[in-house]
S.K.: 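There's a structure below that I have some questions on.
The structure presented is a predicted model; accordingly, all values stated were derived computationally and were not measured.
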Amino acid sequence: AHRLAFEAITAAFASLPVSPTVVLVLNHILFVPSSNFNPLVLLISCHLNTFFNFLINDAVQFGRFPNFPAPYDLAACLCGMRVDVRALKGTATAIGANHYFREMCYVGWRRENADIFMPGDTEKY
C-alpha cells in the first residue's frame, strides 16, 4: 500500500517543478530489558526493538529487512515477500520519528515494580 501511495502521489504532482515530499513516520518505542543478566529478556527486547522500530524503516530505505538479531529478510523471502519488500526501496523522501516511551521487558510471574498497578489489578503485589 505504501509503494502504491508513493507512486500515485509522485504521478499526480509530476508536472510541478518540485517533487512532493512523502514522509514515513515512525513511532519509536524503546524496549528495555529489566535485567541485563537474563539472556531470555535480552533476546526478547532485542527482537522487539528490531521488529517494531526498524523493520519497516529498513524496508523503505534499503528495500530489505534487517538480518540481525534474526534473519528477518530471509524469512520474508521464504514466505514469498521478496519482490514486495524490494519494491519498497526509496518510497519515502523523508522520515519522521516520534519517540513515545520506554517499555520494560521482563519474564516471570511477579512484576519487579510491585508498586505499579496495571489495568485489572485488584491488590498490590
S.K.: For the backbone of Cys105 and the side chain of Ser45, can you confirm whether one donor and one acceptor N or O come within less than 3.5 Å of each other?
M.R.: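 No: the side chain of Ser45 does not pair with the backbone of Cys105.
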
S.K.: Applying side chain to side chain contact (heavy atoms under 4.5 Å, CB included) to His2 and Ile56, what does each step give before you reach the verdict?
M.R.: CA-CA 10 Å; His2 178 76; Ile56 301 303; over 6 Å; no

S.K.: Determine, for Asp73 against Arg86, whether the closest basic-nitrogen to carboxylate-oxygen distance falls under 4.0 angstrom.
M.R.: yes

S.K.: For Leu42 and Asn36: C-alpha separation, side-chain torsions, deciding distance, then whether side chain to side chain contact (heavy atoms under 4.5 Å, CB included) applies.
M.R.: CA-CA 7 Å; Leu42 288 170; Asn36 289 333; 4.0 Å; yes

S.K.: To the nearest 0.5 Å, what is the distance between CG (Leu30) and CG (Asn53)?
M.R.: 7.5 Å

S.K.: For His47 and Ala70, which heavy atoms make the closest approach, and how far apart are they?
M.R.: CE1-CB, 3.3 Å

S.K.: Kindly compute the distance separating OG1 (Thr50) from CG (Leu55), expressed to the nearest 0.5 Å.
M.R.: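 It is 8.5 Å, given to the nearest 0.5 Å.
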
S.K.: Nearest 0.5 angstrom please: Leu43 CG to Asn38 CG, how far?
M.R.: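 Rounded to the nearest 0.5 Å, the CG-CG separation comes to 10.0 Å.
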
S.K.: Show your reasoning for whether side chain to side chain contact (heavy atoms under 4.5 Å, CB included) applies to Asn98 and Leu26.
M.R.: CA-CA 6 Å; Asn98 299 322; Leu26 301 174; over 6 Å; no

S.K.: Is it the case that one hydrophobic cluster holds both Leu40 and Phe68, taking links as side-chain heavy atoms less than 4.5 Å apart, direct or via other members?
M.R.: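 They do not share one cluster, since no chain of ILVMFWY contacts under 4.5 Å joins Leu40 to Phe68.
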
S.K.: On a heavy-atom basis, which atom in Pro66 and which in Phe54 lie closest, and how many Å separate them?
M.R.: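 The answer is CD-O, 4.3 Å.
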
S.K.: If I compare all heavy atoms of Thr10 with all of Pro20, which pair ends up nearest, and what's the gap?
M.R.: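 That closest heavy-atom pairing would be CA-CG, 4.2 Å.
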
S.K.: Taking all non-hydrogen atoms of both residues, which atom of Val85 and which atom of Ala76 are closest, and how far apart?
M.R.: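 The pair with the smallest heavy-atom distance is CG2-CB, 4.4 Å.
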
S.K.: If every non-hydrogen atom of Cys77 is compared with every non-hydrogen atom of Arg82, which pair is closest and at what distance?
M.R.: SG-NH1, 3.5 Å

S.K.: If we ignore hydrogens and angles and just use 3.5 Å, is the side chain of Thr93 paired with the main-chain N or O of Val22 as donor and acceptor?
M.R.: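 A pair under 3.5 Å: yes.
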
S.K.: Measure the CD1-OG1 distance between Ile9 and Thr91 for me, rounded to the nearest 0.5 Å.
M.R.: 10.5 Å

S.K.: Output the distance between atom NE2 (His28) and atom CZ (Arg102), rounded to the nearest 0.5 Å.
M.R.: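 One finds 10.0 Å between NE2 of His28 and CZ of Arg102.
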
S.K.: Atom CG of Leu88 and atom CZ of Phe62: how far apart are they, to the nearest 0.5 Å?
M.R.: 13.5 Å

S.K.: What about Phe65 and Phe51, same hydrophobic cluster or not, with Ile/Leu/Val/Met/Phe/Trp/Tyr joined at side-chain heavy-atom distances under 4.5 Å?
M.R.: yes

S.K.: Students often mix this up, so state it plainly: with edges at 30° and 60°, are the rings of Phe31 and Phe52 parallel, tilted or perpendicular?
M.R.: perpendicular

